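What you see is a predicted model; the values in this text were computed from it and never measured. Start at 1 with the first residue, then count along the sequence.
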Amino acid sequence: MHSGHGAEGPLTPGLVFEMLQAHQRTAALKAAIDLDVFRAIGDGPGDVASIARHCGASERGIRILCDFLTIYGVLRKEDEHYRHSPTSAAFLDPRSPASLASIAQFLSNPAMREPYDRLAEIVRKGRTILPGEGSVEPENPIWVQFAETMAPMMAPMVGPLGGVVLEGYTGPMKVLDIAAGHGLFGIEIAKQNPQARVTGLDWAPVLRVALDNARRAGVEDRYEMLPGSAFEVDFGGPYDAVLLTNFLHHFDKPACVGLLKKVHAAMRGGGRAATLEFVPNEDRVSPPMPAAFSMTMLATTAAGDAYTLSELTAMYEEAGFGGVTAHPVPMSPHTVVMGRS
């Protein structure tokens, strides 16, 4: 609670200043990633001079940047030496297998960031000021960058999604991975089921990233590419499972229902259609990360939103699916929502 009154202590404007200055935190973290500060701190000894040498930066700049990151808990400081916090060691040192440093590139892409400078205008209009359909404009190059840089953020989701889709299912199966991006979700199905054949659907330049990942995972011989728009290309099929990971939130309800009807028509009876989504509670203000995701959709799309489970269930049912179930992914803001054809 930030209200700061009553039993919680005197009322202060702290929250107002915090929100007005929040851009500084974004810029500081991005600068530290760009300068390779977190690798320098992992290497040690962690004094300003050695970090500055590693980063090719001024000592004054490094001191102030590292102090700032320490104030907000990203780093630790002892005896004029900076150390990793558990968070920066795990998620920001590029040598950590769980490093998320690459996602800064996509999340700070001008197409994702600049709309916020005109947010009042966007709120008035009710849609992004980006051209056309915004981030989902056909062949938008940001999705190549997404596929190349966002895999570390999605990697913890692939196992749980694969487990939900494959639960109790063995033997040959055909899987369609819509908006495949980096391809990790379809690739995980192929890894968990050696008899699964996966078709990745996305823009052609994006699918090249997915195919590279399939090659690295050793499933390239069971991975096919279907380039184009999910709303326009013939899906083929019939499929036993269809994946719609982080896709429906970019569109309004009629577009989602239309797409889900197309998916339903391309599936075998009893097949499984799984979405991975930010699913807020029905109050739309909790939990914080899934609920706040609707702001990203307001800023970057023409009509997208973060949909509640009741809304997603209604879309699935209108498209002909039944038995809709929700499977929250542990330690994550995501939920797998699955319907049966």
Side-chain angles (χ1 to χ4, degrees), residues 112 115 119 122-128 130 133-137 143 146 153-154 157 160-161 163-165 167 176-181 185 201 229-232 235 239 241-267 270-341:
M112 302 303 291
L119 190 56
I122 289 170
V123 170
R124 281 193 198 100
K125 289 182 173 176
R127 53 156 292 143
T128 186
L130 293 171
E133 294 300 302
S135 61
V136 287
E137 183 68 7
W143 298 114
F146 176 91
M153 192 171 102
M154 291 295 117
M157 318 295 162
L161 179 110
V164 169
V165 173
E167 187 181 7
L176 177 63
D177 186 2
I178 292 176
F185 293 103
L201 189 162
S229 161
F231 294 95
E232 293 166 11
F235 289 162
Y239 295 97
V242 177
L243 313 179
L244 293 136
T245 53
N246 290 309
F247 189 60
L248 295 180
H249 56 234
H250 292 101
F251 307 100
D252 63 15
K253 289 178 187 177
C256 291
V257 170
L259 182 69
L260 287 168
K261 285 180 176 174
K262 186 178 175 184
V263 167
H264 190 274
M267 296 185 72
R272 302 167 180 192
T275 71
L276 182 75
E277 280 292 342
F278 296 93
V279 182
N281 294 333
E282 298 298 324
D283 64 8
R284 292 191 172 281
V285 293
S286 61
M289 273 190 76
F293 186 72
S294 57
M295 178 61 78
T296 304
M297 292 298 94
L298 174 65
T300 62
T301 71
D305 210 338
Y307 294 111
T308 65
L309 182 59
S310 65
E311 288 173 316
L312 289 165
T313 300
M315 291 179 208
Y316 263 94
E317 289 175 349
E318 191 178 338
F321 290 95
V324 180
T325 53
H327 310 263
V329 179
M331 306 292 291
S332 134
H334 282 86
T335 300
V336 179
V337 179
M338 192 166 73
R340 295 176 185 269
S341 57

### side chain to side chain contact (heavy atoms under 4.5 Å, CB included) assessment of Met338 paired with Val324
CA-CA 5 Å; Met338 192 166 73; Val324 180; over 6 Å; no
### Pairwise side-chain contact, Val329 with Thr335, heavy-atom cut-off 4.5 Å (strictly under)
no
#### Entry: Any side-chain heavy-atom pair of Asp177 and Leu201 under 4.5 Å
no
### Cation over ring face, Lys253 and Tyr307, 6.0 Å, 45°
no
### Query
Between Ser310 and Glu282, is any side-chain donor less than 3.5 angstrom from a side-chain acceptor?
yes
### Query
Can you name the closest pair of heavy atoms from Pro280 and Pro290 and give their distance?
N-CB, 3.9 Å
### Message
Below 30° counts as parallel, above 60° as perpendicular, anything between as tilted: where do the rings of His334 and Phe278 land?
### Response
tilted
### Query
Do Val337 and Tyr316 have side-chain heavy atoms sitting under 4.5 Å apart?
yes
## Note on the structure
Heavy atoms of Leu259 and Ala230 approach each other most closely as CD1-O, 3.6 Å
### Query
Counting only N and O atoms by type, is there a donor-acceptor contact under 3.5 Å from the side chain of Glu311 to the main-chain atoms of Thr308?
yes
### Query
Is there a donor-acceptor contact under 3.5 Å from the side chain of Arg284 to the main chain of Ala306?
yes
### Query
Are Glu277 and Phe293 close enough that some pair of their side-chain heavy atoms sits under 4.5 Å apart?
no
### Task
Verify, without hydrogens or angle tests, whether Ser341 (side chain) and Gly271 (backbone) share a donor-acceptor contact under 3.5 angstrom.
yes
### Query
Heavy-atom distance under 4.5 Å between the side chains of Phe321 and Met267, does that happen here?
yes
### Query
So do the side chains of Leu298 and Asp305 get within less than 4.5 Å of each other, counting heavy atoms only?
no
### Message
Less than 4.5 Å apart, side chain to side chain, heavy atoms only: is that true for Ile178 and Phe247?
### Response
yes
### Query
Minimum heavy-atom separation for Ser332 to Met157, with atom names?
OG-SD, 3.3 Å
### Message
Quick check against the 3.5 Å criterion: does Ser229 have a side-chain atom that pairs as donor or acceptor with the backbone of Phe231?
### Response
yes
### Query
Roughly how far, to the nearest 0.5 Å, is the CG atom of Leu260 from the CD atom of Glu318?
9.5 Å
### Summary
Smallest heavy-atom separation, Ile122 atom then Ala299 atom, equals CD1-O, 3.8 Å
### Message
I need the minimum non-hydrogen distance between Ala291 and Val285, along with the two atoms involved.
### Response
CB-C, 3.6 Å
### Task
Specify the closest pair of heavy atoms between Leu248 and Cys256, including all atoms of both residues, with the distance to one decimal.
O-SG, 3.2 Å
### Task
Could you tell me which residues satisfy side chain to side chain donor-acceptor pair (under 3.5 Å) with Ser286, sequence neighbours excluded, listed by chain and number?
Asn281, Asp283
### Query
Given side chains that start at C-beta, do those of Pro115 and Leu130 come closer than 4.5 Å, heavy atoms only?
yes
### Heavy-atom donor-acceptor pair, Arg272 side chain to Val165 backbone, under 3.5 Å
yes
